[in-house]
Amino acid sequence: MAKKKILIAKDVASGAAAAPKRILIVEDHADMRTWLGTLFKAQGYETVFASDGVTAIMAAQKENPDIVLLDLGLPGGDGFTIIERFAGNQKLAAVPIIVLSGSDPSAHEDRALKAGAKKFFQKPADLKDLLAAIKELLG
């Protein structure tokens, strides 16, 4: 029993900190990308960005995000297309997707969740709820 305590103390003392979780923000409005990036960095997350459907898939494959925050209304492939492409890609299928959209939830929430998104928030989202959802999905 005492031996385990010593090993744990050594691990903590080594300073081996976990890498920050990475959020891919897929949003076509530059001001919203900047605002979300600032918000998440202040919470200790690393952020990467994509502004359309094509770059979202490329960024996800390159950057290996832990979670994706996705707008539905995008140029170059809407959010539903991105959700479907993630689901069909072995490397990306396990990455949780949170939809953050200006679209009417009654028209899009059910479709997004059935396609594979884990959560749906309408803009402007309650930041406390959005951060709680991110923390929940990241474990």
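In terms of hydrophobic clustering, with Ile, Leu, Val, Met, Phe, Trp and Tyr side chains grouped at heavy-atom distances under 4.5 Å, W35 and L130 are assigned to a common cluster. L137 and V68 fall into different hydrophobic clusters, where Ile, Leu, Val, Met, Phe, Trp and Tyr are joined by side-chain heavy atoms under 4.5 Å apart, directly or via other members. Hydrophobic clustering (ILVMFWY, side-chain heavy atoms < 4.5 Å, transitive): L69 and V48 are in distinct clusters.
Here the CD atom belonging to Q43 is positioned 9.5 Å from the CG atom belonging to L127, to the nearest 0.5 angstrom. To the nearest 0.5 Å, the span separating CD1 on I134 from CD on E136 amounts to 11.0 Å. Distance check, rounded to the nearest 0.5 Å: CD1 of I83 to CZ of R111 gives 8.5 Å.
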Tell me which donor-acceptor pairs under 3.5 Å the side chains of residues 21-29 have, and how far apart each pair is, sequence neighbours excluded?
| from | atom 1 | to | atom 2 | distance (Å) |
| --- | --- | --- | --- | --- |
| R22 | NE | E46 | OE2 | 2.7 |
| R22 | NH1 | E63 | O | 2.3 |
| R22 | NH2 | E46 | OE2 | 2.6 |
| E27 | OE1 | K123 | NZ | 2.7 |
| E27 | OE2 | H29 | N | 3.1 |
| E27 | OE2 | H29 | ND1 | 3.1 |
| E27 | OE2 | K123 | NZ | 3.4 |

For a quick test of your reading: what N or O donor-acceptor pairs under 3.5 Å do the side chains of residues 85-101 make, sequence neighbours left out?
| from | atom 1 | to | atom 2 | distance (Å) |
| --- | --- | --- | --- | --- |
| N89 | OD1 | K91 | N | 2.8 |
| N89 | OD1 | L92 | N | 3.2 |
| K91 | NZ | Q61 | O | 2.5 |
| K91 | NZ | N64 | OD1 | 3.1 |
| S101 | OG | S103 | N | 3.0 |
| S101 | OG | S103 | OG | 3.0 |

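In terms of heavy atoms, P20 sits closest to G44 at CB-O, 3.4 Å. Heavy-atom minimum distance, A60 versus P65: O-CD, 3.3 Å. Smallest separation of non-hydrogen atoms from F49 and R33: CE2-O, 3.4 Å. Across G102 and Q122, no two heavy atoms sit closer than the pair O-NE2, 4.0 Å.
Residues that satisfy the ring-ring contact (aromatic ring centres under 6.0 Å, His included) test with F40, not counting sequence neighbours, are absent from this structure. For K114, the side chain to side chain donor-acceptor pair (under 3.5 Å) test picks out D110, with sequence neighbours left out. Qualifying side chain to side chain donor-acceptor pair (under 3.5 Å) partners for T55, counting only residues two or more places apart in sequence or in other chains: D52.
Here the side chains of L70 and I82 are in contact, with some heavy-atom distance below 4.5 Å. Side-chain contact between Y45 and L138 is present, with at least one heavy-atom pair separated by less than 4.5 Å.
Applying the ring-ring contact (aromatic ring centres under 6.0 Å, His included) test to every pair with at least one member in residues 113-139, sequence neighbours left out, gives no pairs at all.
Looking only at atom types and distance, the side chain of T34 has no donor-acceptor partner in the side chain of D31 under 3.5 Å away.
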